[in-house]
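Input: a single structure, listed below in structure tokens.
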Amino acid sequence: MPIPLFADAIFKGVDSVPFALPILKALPWVVLTWLLKWYFGGASNTSERLMHSKVIMVTGGTSGIGAAVVHHLASRGAQIILLTHHSPSDPFLVDYIDDLRSSTNNELIYVEQVDLSSLQSIRVFATKWVDNAPPRRLDMIILCADTLITRFGIHGMTQDGVDPVWGINYLANFHLLSILSPALRAQPPDRDVRIVFAACASYVGGNLKLLKDNRDPLPSGRKYETSKLALIVFAQAFQKHLDVYKRPDKQPNNARVIVVDPGFTRTPGMRRWLTMGSLWGLLLYLLMWPVWWLVLKPPIMGAQGFLRAAMEAELGRGAGGRFLRECKEVEYLREEIRNEGAQKKLWAFSEKQIEALEKEGAAKRALAKKENKKMEKEESAKAANGLAEKTAES
């Protein structure tokens, strides 16, 4: 069929072929659209690694980039431990895990309830994990959990009364890794242990010098940017924390930190940022959907950097603390990230804040427990008095 059409176009002219002119006019635009989509789609991971038997802990693994990372690693046979604030019996989570197990043909996908907005919840989980004897296997931690407060969004607080951008994006990761550090260092020397942090290009606009010593330490107008900068600085400090540890077997450190910038991706967080948390913003987002489809990566492409961080053999050798963008190692654009003084100052600031928050939280829980016991006693006394009155009447 195509051959006669081409022959007619050559010998009789393009006008003799039905719909030829509209197709020729549309063809350059189709090619341009394909080229733009290919360009904005970013690089793909080409690394391969056997993931069977690997135990991988993931935060933020139920949506966006985290969900794409989990699906890909699970399809390769990795054992996945999802940390989520949902209860394991939550209907949404039960269906999600069932679908994930079915689509990846992998039953080794589990859920642990950990509310990243609660320092107490993080401590309970991490302490339970570390206290296990012998030490549980842990090959990798991938930190994808993230939040932001839009201009017209609801400005809430974490359970500890901290700004959620600081509490979830940074403080939760600091607290989790600080407690899990012994479990990471206890892994056998021949095991390739990796800790993968999710960064964002906005870290360039952060300013740690403006941090305030209160429940909302982030500078106004630069909250998200500063939380990401703090996370990257902590990532470098945590690598040094792992490196200075003297293993009992005298072997070198086998845990490496990798920071990944996934690029601009069509995730729920990106949608909230673009819509600014308003209905008018959502309407504009829907009207401009073709533009967002073109210039924003789908979640699976945003996950490529994380997959490379998880599977590239070269990243399991040499020094840790590397930064990946578009599946390539690049340099950090802020000097304080490598500055040891800035790292120590941030670490001390974080420890002090967590200590104060946990003391306050413990006092509140003790007071609530005391009040509950008092109410139980009062109810028991009322019930006993009521039973005595009925007995007397009879």
Side-chain angles (χ1 to χ4, degrees), residues 42-49 51 54 56-60 65-66 68-69 72-73 78 138-146 169-170 173-174 176-177 180-181 184-185 187 189-204 206 208 227-245 251-265 297 301-340 342-344 346-347:
S44 297
N45 170 51
T46 57
S47 303
E48 293 290 336
R49 184 187 179 194
M51 301 305 295
K54 307 295 183 187
I56 303 176
M57 188 183 293
V58 185
T59 67
I65 293 174
V69 171
H72 193 92
L73 294 178
L138 185 57
D139 295 86
M140 194 178 307
I141 301 177
I142 302 178
L143 303 168
C144 291
D146 182 86
N169 292 3
Y170 171 73
N173 293 316
F174 179 92
L176 178 66
L177 291 181
L180 288 180
S181 176
L184 294 170
R185 297 181 299 192
Q187 301 302 309
D190 59 342
R191 185 165 295 162
D192 183 0
V193 181
R194 307 185 186 190
I195 306 96
V196 184
F197 288 77
C200 176
S202 65
Y203 81 90
V204 178
L208 296 180
S227 72
K228 285 300 181 182
L229 177 60
L231 184 65
I232 299 174
V233 172
F234 165 62
Q236 302 305 306
F238 191 67
Q239 181 65 66
K240 292 181 180 178
H241 168 76
L242 295 171
D243 290 339
V244 298
Y245 174 68
Q251 295 295 320
N253 169 52
N254 62 332
R256 292 168 180 83
V257 166
I258 305 169
V259 181
V260 177
D261 176 6
F264 298 108
T265 310
K297 302 178 185 179
M301 292 307 297
Q304 295 303 303
F306 291 91
L307 297 177
R308 184 171 182 82
M311 294 191 287
E312 173 56 43
E314 178 61 28
L315 296 175
R317 296 188 289 266
R322 303 182 191 184
F323 185 34
L324 299 183
R325 182 188 296 131
E326 297 300 342
C327 295
K328 295 180 181 179
E329 186 176 349
V330 297
E331 290 297 323
Y332 296 104
L333 299 179
R334 294 292 296 269
E335 294 181 356
E336 60 264 49
I337 291 175
R338 300 284 192 183
N339 185 285
E340 188 171 349
Q343 295 169 10
K344 290 181 177 179
L346 179 63
W347 192 295

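The structure displayed is predicted, hence computed values, not measured ones.
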Original post:
For Leu143 and Val196, what are the C-alpha separation, side-chain angles and deciding distance, and is it a side-chain contact (heavy atoms from CB on, under 4.5 Å)?
Top reply: CA-CA 6 Å; Leu143 303 168; Val196 184; over 6 Å; no
Original post:
Taking atom CG of Leu73 and atom CD1 of Ile56, what is their separation to the nearest 0.5 Å?
Top reply: 4.5 Å
Original post:
In Å, rounded to the nearest 0.5 Å, how long is the span from CG of Leu138 to CD1 of Ile195?
Top reply: 8.5 Å
**OP:** Begin with the C-alpha distance, continue with both residues' side-chain angles, and end with the deciding distance and a verdict on side-chain contact (heavy atoms from CB on, under 4.5 Å) for Val259 and Gln236.
**Re:** CA-CA 9 Å; Val259 181; Gln236 302 305 306; 4.2 Å; yes
Original post:
Do any N or O atoms from the side chain of Gln304 and from the backbone of Ala43 form a donor-acceptor pair under 3.5 angstrom?
Top reply: no
Subject >> Pairwise side-chain contact, Leu315 with Arg194, heavy-atom cut-off 4.5 Å (strictly under) >> reply: yes
Subject >> Side-chain donor/acceptor of Ser47 to backbone N/O of Asn45, under 3.5 Å >> reply: no
Original post:
Would you call Tyr245 and Asn253 a side-chain contact if the rule is heavy atoms closer than 4.5 Å?
Top reply: no
**OP:** Can you label the angle between the Tyr203 ring and the Tyr332 ring as parallel, tilted or perpendicular, going by 30° and 60°?
**Re:** perpendicular
Subject >> Sidechain-backbone polar pair: Arg49 side chain, Ala310 backbone, donor-acceptor under 3.5 Å >> reply: yes
Subject >> Ala145 backbone acceptor or donor facing Thr59 side chain under 3.5 Å >> reply: yes
**OP:** Would you confirm whether Lys228, through its side chain, and Val204, through its main-chain N or O, come within 3.5 Å as a donor-acceptor pair?
**Re:** no
**OP:** Check the pair Phe238, Leu184 against side-chain contact (heavy atoms from CB on, under 4.5 Å), reporting the backbone distance first and the verdict last.
**Re:** CA-CA 11 Å; Phe238 191 67; Leu184 294 170; 3.9 Å; yes
**OP:** Please answer whether the main-chain N or O of Asp146 pairs with a side-chain N or O of Asn169 as donor and acceptor at a distance below 3.5 Å.
**Re:** no
**OP:** Please lay out, stage by stage, how Ile141 and Val58 fare under the test side-chain contact (heavy atoms from CB on, under 4.5 Å).
**Re:** CA-CA 6 Å; Ile141 301 177; Val58 185; over 6 Å; no
Subject >> Glu314, Glu312, Arg322 screened by side-chain contact (heavy atoms from CB on, under 4.5 Å) with Glu329, the one that passes >> reply: Arg322
Subject >> Residue pair Val193 / Met140, side-chain heavy-atom distance below 4.5 Å >> reply: no
Subject >> Sub-4.5 Å side-chain heavy-atom contact between Leu231 and Asn173 >> reply: yes
Subject >> Any donor-acceptor N/O pair, Glu336 side chain to Val233 backbone, under 3.5 Å >> reply: no
**OP:** Kindly say whether Lys328 contributes a backbone atom to a donor-acceptor pair with the side chain of Arg308 at under 3.5 angstrom?
**Re:** no
Original post:
Taking only residues two or more places apart in sequence, or in another chain, which ones meet His72 in a ring-ring contact (aromatic ring centres under 6.0 Å, His included)?
Top reply: none
Subject >> Asn339 side chain to Glu335 side chain, donor-acceptor N/O pair below 3.5 angstrom >> reply: no
Original post:
For the side chain of Gln239 and the backbone of Ile258, is there at least one donor-acceptor N/O pair under 3.5 Å apart?
Top reply: no
**OP:** May I ask you to decide if Gly318's main-chain N or O and Arg256's side chain share a donor-acceptor pair within less than 3.5 Å?
**Re:** yes
Original post:
Any side-chain heavy atom of Phe306 within less than 4.5 Å of one from Ile142?
Top reply: yes
